[in-house]
A.B. asks: 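Starting off with a structure, shown below.
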Amino acid sequence: MPSGKGELKPEVKPEEIEEESEAKEALESLREAIRYHNYRYYVANDPVISDYEYDQLMRDLQALEDKFPSLVTPNSPTQHVGGEPQDELGSVEHPEPMLSLQAAYEEEEVANFDETCREELSLEEVEYLAEPKYDGLAIELIYEDGSLSVASTRGDGETGEDVTENIKTIREIPLSLISEDGRPVPERLVVRGEVYMRKDEFQEMNERRAEEGKDPFANPRNAAAGSLRQLDPKVTAKRPLRIFCYDVAEVEEHGFESQKEIMEALPNWGLRVNRDWIKTCSGVEELIDFHGQLEESREDLPYEIDGVVYKVNDLSQREIMGTRERDPRWALAYKFQPLRGSSRVKDIQVQVGRTGSLTPIAHLEPVHIGGVKVKRASLHNQSEVEDKDIRIGDKVLVERAGDVIPQVVKSLPEERDGSEQKFTMPDSCPVCGDNVVISEDKQQAYCTNASCPAQVRERLIHFSSRGGMDIEGLGDKIAEQFIETGLVESLDDLYRLEKDDLTSLERFAEKSSQNLLEEIEESKDQTLPRFLYALGIPEVGEHLSRVLSSQYPRLNDLMEATEEELQRINEVGPEVAKSIVGFFSNPDNQELIENLIEAGITLNNPLTEDTESPLEGLTFVFTGSLDRWTRNEVQRYVEDKGARSTSSVSSQTDYVVAGPGAGSKLDDADELGVPVLDEEEFVELLQDRVGEEEFEANY
Ligand code: IVH
């Protein structure tokens, strides 16, 4: 059993190794080092080598395994990639039942719980370990001789589904245990925990899915569950899954005396626990305090939780208390009030998107949910309105989760008085009156008039947005005015506007007209990726625009690309390829592009000119304010130099750049071990990459 960390960076030159015995030794030391660095990165949140050095170790290991395939072991760190698809998921009987938890919603129930524990144990005071109740999927991992042998879902508590191959793709879950504190790796360990998705990674994944024309997942929990129950582990491998461990079964085998001891031992075997939010508490006041603190931090946590769990800390006391039917008597889940509220649907109106898609929106009587006033909720499509039987006038249950648009969960038909009205998608567009086409499954409806003022307005807003032509002064209101007055009927009209056109509009003074015209003029000098995004090609978001620009140096090349050719790009599937080709083969779009170029738009492509992308491959997150740039400016600057800039910190982030007023992103950076730069350090990095002269010339 390998233990300890061995060398941090064993010097292995795969190309020079010819003997199997030598290869064996080198493989062993590489794997040992990588396991240790996985522990430093995922569990201790304190990496001791750079990502580059880590990748180098993985590359050496992979190269050596390719050269000596007979020496590949099932628990080698290269084996996180996902094996062959399966026909079905087998079943696994849990060695001990996976129990559920008794749930409480009121303080009084917490007091009763504490009282019962004290009485049963004949103690004045009982010590508990309190931790978050994660909103993910319960999983059991069985390690034999230190290697992950079986992983299963909870199922009915007795028997779960075999998800071993899928679990093995999660990098945060070690394929082999290590021994960090001298406590030997046990012969057999049955550990339980929650597999989940971080909120930011969930959102990024959904954005990616939308770009690929796939349906988004409703929430991180569904996404985690759906990802783990895949038949093809290669699909799971692409999903950002993570784990928090919280329990050990067959506990008597290990000589543990308390839950706290378990939670201290797990990380030292390489298993991730959530150290930030584990607390020993005694007495009702401390229990409730912990719940309050977590509820306050709930929105800021990078993962979703729906309450807290209290567990009697002392394992012999647990033994005395025993288990009811399905839940242990020594534990309690004190849940948060759900982020739900009830309201009434005043009206259902149809919104027209930039591609002409029609979305029914419920206009609600305002209701406060978790501190936010909710007035509107998306109903997605007609089929959903019918499935949920939501009528105008209905009392409904509304749910708000994270940053997404509030959802109507269900209607309450028992509250109806007969005056409610069913909704049907109109057969003509509510804005332009043109024909509406509804798909057979009633999941999509479109206004077919490409010049529909609502569509043009949405396209104009998208065109000018930050990720697109970046015309800051052109927001929703002004776009509306341009459309209403007929000043803009097509996007290229923007470049024909004159000062008199603007000053004739309401609330447009001389100065603001001048400013807007200057911004419009400046937007003519544009990059290809931004222009592509600005065009609003269905399924093509900011990320894909960059991918396309990195493959096609000039717009004309892309306009002529075939579906087959496009699909050769890793991130372009059949739907997306079809959408791109469809867009460019439409004569209206060809004319629009021609007119825009004629109006003076020039395109440069920073992604195919090497010298122009000195920040290629880096991902930045900015927080707080900087002296030299506004947030928009700095994001645009790094993006134009080939880097990515995202709004939340993840394991993909290379640097967090923080100025005065930085917020919780610093904690996220700390938790994930992402380096934080202040403005001066950031400038040094830029000077280093961009070149000092070039940098000073521009700033
Ligand atoms: S302990 C008897 N700890 O809650 C102990 N469970 O209702 C049972 N859960 O399906 C598990 N966070 O998925 C435990 N910190 C936590 C938990 C937790 C979430 C879930 C778990 C299980 C359900 C039990």
Side-chain angles (χ1 to χ4, degrees), residues 92 94-105 109 113 117 128-141 151-161 163 167 173 190-198 219-225 227-229 241-252 256 258-264 266-267 271-281 287 290-291 293-295 297-298 301-315 317-336 338:
V92 173
H94 301 302
E96 275 174 14
M98 287 181 80
L99 301 172
S100 51
L101 290 166
Q102 182 195 342
Y105 285 93
E109 295 170 89
F113 168 68
C117 292
Y128 305 94
L129 208 71
E131 49 190 83
K133 185 169 190 311
Y134 307 105
D135 204 2
L137 186 75
I139 286 294
E140 177 175 87
L141 310 171
S152 56
T153 61
R154 176 162 174 264
D156 63 5
E158 306 283 337
T159 311
E161 281 177 312
V163 287
I167 282 286
I173 298 182
V190 181
V191 60
R192 288 157 177 189
E194 198 88 350
V195 166
Y196 68 97
M197 263 187 210
R198 281 175 59 116
N219 55 49
R221 180 165 45 83
N222 287 4
S227 301
L228 253 198
R229 300 183 58 249
L241 294 169
R242 295 175 176 267
I243 193 165
F244 281 130
C245 298
Y246 49 60
D247 198 16
V248 167
E250 300 175 340
V251 69
E252 59 288 350
F256 290 125
S258 69
Q259 174 75 11
K260 191 153 186 258
E261 212 184 309
I262 295 176
M263 297 305 264
E264 279 162 5
L266 292 178
L271 294 159
R272 188 155 191 262
V273 305
N274 185 5
R275 273 189 260 226
D276 297 342
W277 287 99
I278 302 177
K279 192 163 181 250
T280 21
C281 304
L287 292 176
F290 182 78
H291 179 269
Q293 280 174 29
L294 254 177
E295 191 159 30
S297 312
R298 183 179 185 183
L301 292 178
Y303 43 84
E304 294 207 325
I305 59 173
D306 59 352
V308 301
V309 185
Y310 307 126
K311 300 172 184 173
V312 169
N313 188 30
D314 186 311
L315 301 186
Q317 293 175 359
R318 288 189 185 181
E319 192 86 14
I320 298 171
M321 293 196 68
T323 297
R324 243 178 263 116
E325 192 90 337
R326 295 227 140 245
D327 7 282
R329 303 182 66 240
W330 44 262
L332 182 76
Y334 182 17
K335 308 250 280 197
F336 299 137

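Note: hydrogens, waters and symmetry copies are ignored here, and every other heavy atom, side chains too, is used. Counting starts at 1 for both ligands and their atoms, following the listed order.
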A.B. asks: What about the rings of Tyr303 and Phe244, do their centers lie closer together than 6.0 Å?
C.D. replies: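 Yes, close enough.
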
A.B. asks: Using atom types as modelled and distance alone, determine if a side-chain donor or acceptor of Arg329 lies under 3.5 Å from a backbone N or O of Met321.
C.D. replies: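 Indeed, once roles are kept as given, a pair shorter than 3.5 Å links the two residues.
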
A.B. asks: Just checking, any donor-acceptor pair under 3.5 angstrom between side chains of Tyr196 and Glu304?
C.D. replies: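 Side-chain D/A pair, Tyr196 to Glu304: absent.
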
A.B. asks: Using a threshold of 4.0 angstrom between heavy atoms of the protein and any atom of ligand 1, which residues qualify?
C.D. replies: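 Residues Leu99, Ser100, Leu101, Glu131, Pro132, Lys133, Tyr134, Ala138, Arg154, Glu194, Tyr246, Val309, Lys311, Pro328, Trp330 each place a heavy atom under 4.0 Å from ligand 1, listed by chain and number.
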
A.B. asks: Once side-chain contact (heavy atoms from CB on, under 4.5 Å) is applied, do any residues pair with Pro95, and if so which ones, sequence neighbours excluded?
C.D. replies: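 Only Glu140, Ile142, Arg188, Val190, Glu250 meet the side-chain contact (heavy atoms from CB on, under 4.5 Å) criterion with Pro95.
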
A.B. asks: Going by the rule ring-ring contact (aromatic ring centres under 6.0 Å, His included), which residues pair with Phe290 if we only count those two or more places apart in sequence or in a different chain?
C.D. replies: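 Expected list: none.
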
A.B. asks: By side-chain hydrogen bond (donor to acceptor under 3.5 Å, both in side chains), which residues pair with Tyr310, not counting sequence neighbours?
C.D. replies: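 In terms of side-chain hydrogen bond (donor to acceptor under 3.5 Å, both in side chains), with neighbours along the sequence ignored, Tyr310 is linked to no residue.
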
